[in-house]
Amino acid sequence: MYGLIFENFSGYIKVKYGEEAWDNVRRLANIDTPTFSIHHVYPEVLLGKIAKKTFTTLGCNADEFFEGMGYYFVELCSKYGYGDVLALLGRELRDFLNGLDNLHEYLKFSYPRLRAPSYFVDNETPEGLMLHYRSKRRGFTNYTVGQLKAVSETYYKTEIQIEVKDSQIKFDTVFVSFQLTFDNKSKVVMNSNLVREEARLPAVSSSVLFEIFPFIIVFGEDMVVQSIGRSLTQILPKLVGAKMNDYFDVVRPLIEFKFDNILSRSNNIFELMTNEPIDKLLKSGGALGGEEEGEGNEENLMEEEVDNFLHLKGQMNFMADWNVVMFLCSPALKDLQGLSFSGLFICDLSMHDFSRDLLLAGSQQSNDLKGALESEMEKTKLMEESMAKLDEEMKRSDQLLAQMMPKSVSEKVKNGASTVETCEIFESVTIVFNDIPVFGDICAKCDGMSIVLMLNVMFGIFDNLSDRNQIYKVETVKDCFVGVCGAPERNNNHAERIMDMAMDMRDCVQFVPDPRPGVDSHIKIRLGSSSGQVVGGIVGNKCPRYCLFGDAMNTSSRMMSFSEEQCIHVSGATKELLPPAYSVKERGKMMIKGKGEMVTYWVESKANRVPPTKDEVYPQEATKPSQPAE
């Protein structure tokens, strides 16, 4: 499926729901690039995958969405330069609809691998007509309705009503019949003098006709070929007397190859393809069922498929006087190599049309076009790589932002919220502080690298414990770690999570060696915690940080300052929030600086608690910093 359809899909989402909606959809569908190359062929299943994520994310109705998408397609065509083709396809709406099947034939020059639907018109009245739709793809009925409405209103200023009269699937093809109601009274007046003048012209002899159309095929109601043009005689001399549907199959329109079906499609361009490869027919002198060659070619099944068949494209004209159909056609050839492969020469092509000119001009410009296409593909590839790098940088920026502030707050900042607008009151949270009581002595006796290594290991463990206990790390200053639960994500068991975190911190510092010379033990920390109301928000512009303010922060800091090594010191507010599973011992009344006399508590343990192991929490990235170059 060409990227034009995907651009149509994404463009409609952007117009109707906004750029952010499309970004969300493509990320859910794992689409790395925000845009599609309109001439690139993408997997068929990709559209269904994107559509499913779209309807789930946006909560829209599939039928309404595809009809709106089809309506938007006409606007998109104008953007890419196809609007003039749509506007000039017919003088009136009926002309457009009768020639609609031919439109895709013109587009095959730009989209050679196009799998286009097929259309034909019948039951035409002054009040409307019946439009029949055939397609190998499913799910595009409402999309077609939207396109038809847009063309009618945009280019013909005509109100149209569309009703699906019949819809069914036969084998692998979708058959839909649309009843189109609109003002279908013809405004073209036939010149009667011209008609009388044509009637007096002499009849054209069959020899002249077959000379003018060297690829003409005349066949009767029984599908038996009666005559063929001189050029076809050179390569398929045994075609005369054989049945058309034995030699050829219909590529377009999507119909069964029968005489009655051909008569009902007189307004369509027909494309026929030989049932057997043309090189095989040439070797057999144009006879069907020649000798099979290369029976051991099964190992080449994975190679790129090559079209070795002769394609004839043209118009089917019914001659009522003779009760025959004349297929006025020309070979559909890509280049001179295809001409030679088909056993034809330049002189075999018609002189009255542009077959020769197009083939020769196309061969002369093929190298330039190939170079331009390769250049375009290279540019597209570079753009996709640039977009992938941009997405990667955006991910890194988001990760960096997530380390500085909570995700919910960072989304507000990315959406343009000011620092004041990020502030929020949290009625009840629990906070934990810790420090190393002998940190001053460590700094005095150890070199800087040893201190940095120790802090990297300790804070790395605390980061892993934060993830384990769902704690938000507010900050780390020197040897002090500050964590909170209940902000920025609210929850009711914040005191329990903080106590679990504090006990894990107390137990896991045994994995951090004391770097002081002559000291053969691990470092020891003291912890303090309190609960209460805080205000959270962004502080700073150049280096913004998410900070908490309030009495609970001050009290937690004081609890830590008056704590002891390897002990968890908590206020009465936190003690009241803990369930019986926690073993809490009253410390008694203490004079707390800045708070006065308080009754505080020690949290000692928790029933059935299993401390984390070193393998579970030890940071893999905690390595010794490299020495500076001398």
Side-chain angles (χ1 to χ4, degrees), residues 1-38 40-77 79-80 135 137-147 149-150 164 167 174 380 383-403 405-417 421-422 424 467 470 472 488-491:
M1 183 178 291
Y2 277 101
L4 181 63
I5 301 297
F6 291 93
E7 274 294 282
N8 183 194
F9 194 100
S10 63
Y12 180 61
I13 293 178
K14 293 174 187 177
V15 169
K16 187 172 179 63
Y17 300 98
E19 293 273 356
E20 185 178 351
W22 166 241
D23 288 337
N24 291 335
V25 167
R26 72 179 183 86
R27 287 193 175 96
L28 288 172
N30 296 319
I31 306 297
D32 294 330
T33 174
T35 59
F36 298 92
S37 173
I38 64 171
H40 182 75
V41 178
Y42 295 89
E44 294 275 341
V45 295
L46 183 60
L47 185 66
K49 180 181 179 181
I50 298 175
K52 185 177 180 180
K53 296 297 182 183
T54 298
F55 303 146
T56 303
T57 305
L58 303 179
C60 51
N61 179 272
D63 292 344
E64 293 177 359
F65 180 90
F66 276 111
E67 183 172 334
M69 174 182 161
Y71 198 97
Y72 174 72
F73 178 78
V74 175
E75 180 181 338
L76 187 71
C77 285
K79 176 182 175 182
Y80 286 109
S135 177
R137 293 192 176 103
R138 302 184 184 185
F140 280 78
T141 301
N142 290 284
Y143 181 66
T144 303
V145 170
Q147 290 177 322
K149 288 182 178 179
V164 177
S167 180
V174 177
T380 302
M383 190 175 96
E384 290 177 352
E385 290 175 354
S386 298
M387 296 304 297
K389 290 180 180 178
L390 177 62
D391 283 349
E392 185 65 30
E393 291 301 322
M394 289 178 65
K395 289 178 182 177
R396 290 180 182 177
S397 298
D398 290 344
Q399 291 172 357
L400 179 61
L401 205 57
Q403 294 175 2
M405 59 190 71
K407 184 177 180 181
S408 58
V409 178
S410 66
E411 290 296 328
K412 293 180 182 179
V413 173
K414 287 193 292 184
N415 292 332
E421 291 172 331
T422 63
E424 193 173 358
D467 295 336
Q470 298 179 352
Y472 179 72
E489 301 299 329
R490 291 177 169 82
N491 58 69

Original post:
Which residues satisfy the side chain to side chain contact (heavy atoms under 4.5 Å, CB included) test with Val41, sequence neighbours excluded?
Top reply: Tyr2, Arg113
Subject >> Partner residues of Tyr143 under the ring pair (Phe, Tyr, Trp, His ring centres under 6.0 Å) criterion, sequence neighbours left out >> reply: Phe140
Subject >> Listed partners of Gln470 passing side chain to side chain donor-acceptor pair (under 3.5 Å), at least two apart >> reply: Arg497
What side-chain donor-acceptor pairs closer than 3.5 Å can you find for residues 20-28, not counting sequence neighbours?
{"from": "Trp22", "atom 1": "NE1", "to": "Pro34", "atom 2": "O", "distance (Å)": "3.1"}
{"from": "Asp23", "atom 1": "OD1", "to": "Arg26", "atom 2": "NE", "distance (Å)": "3.4"}
{"from": "Asn24", "atom 1": "ND2", "to": "Glu20", "atom 2": "O", "distance (Å)": "3.3"}
{"from": "Arg26", "atom 1": "NH1", "to": "Ile31", "atom 2": "O", "distance (Å)": "3.2"}
{"from": "Arg26", "atom 1": "NH1", "to": "Asp32", "atom 2": "O", "distance (Å)": "2.9"}

Subject >> Phe73: ring pair (Phe, Tyr, Trp, His ring centres under 6.0 Å) partners, not counting sequence neighbours >> reply: none
Subject >> side chain to side chain contact (heavy atoms under 4.5 Å, CB included) involving Ser386 - partner list, sequence neighbours excluded >> reply: none
Subject >> Audit row: Met69, Ile5, side-chain contact (heavy atoms from CB on, under 4.5 Å) steps and yes/no >> reply: CA-CA 10 Å; Met69 174 182 161; Ile5 301 297; 4.1 Å; yes
**OP:** Evaluate side-chain contact (heavy atoms from CB on, under 4.5 Å) for Met1 paired with Phe6, printing each intermediate quantity in order.
**Re:** CA-CA 8 Å; Met1 183 178 291; Phe6 291 93; 3.9 Å; yes
Subject >> Intermediate values then yes/no, side-chain contact (heavy atoms from CB on, under 4.5 Å), Phe9 and Phe65 >> reply: CA-CA 9 Å; Phe9 194 100; Phe65 180 90; 3.4 Å; yes
Original post:
Looking at residues at least two apart in the chain, or sitting in another chain, which of them share a side chain to side chain contact (heavy atoms under 4.5 Å, CB included) with Glu424?
Top reply: Lys412, Phe426, Arg490
**OP:** Using modelled atom types only, decide if a donor and an acceptor are shared between the side chain of Tyr72 and the backbone of Ile13 within a distance under 3.5 Å.
**Re:** no
Subject >> Residue pairs, two or more places apart or on separate chains, that pass side chain to side chain donor-acceptor pair (under 3.5 Å) and touch residues 43-63 >> reply: Glu44-Arg115, Glu44-Arg137, Asp63-Asn142
Original post:
Are side-chain heavy atoms of Glu489 and Tyr472 found at a separation under 4.5 Å?
Top reply: no
**OP:** Identify, with sequence neighbours excluded, every residue that meets salt bridge (Lys or Arg N to Asp or Glu O under 4.0 Å) alongside Glu7.
**Re:** none
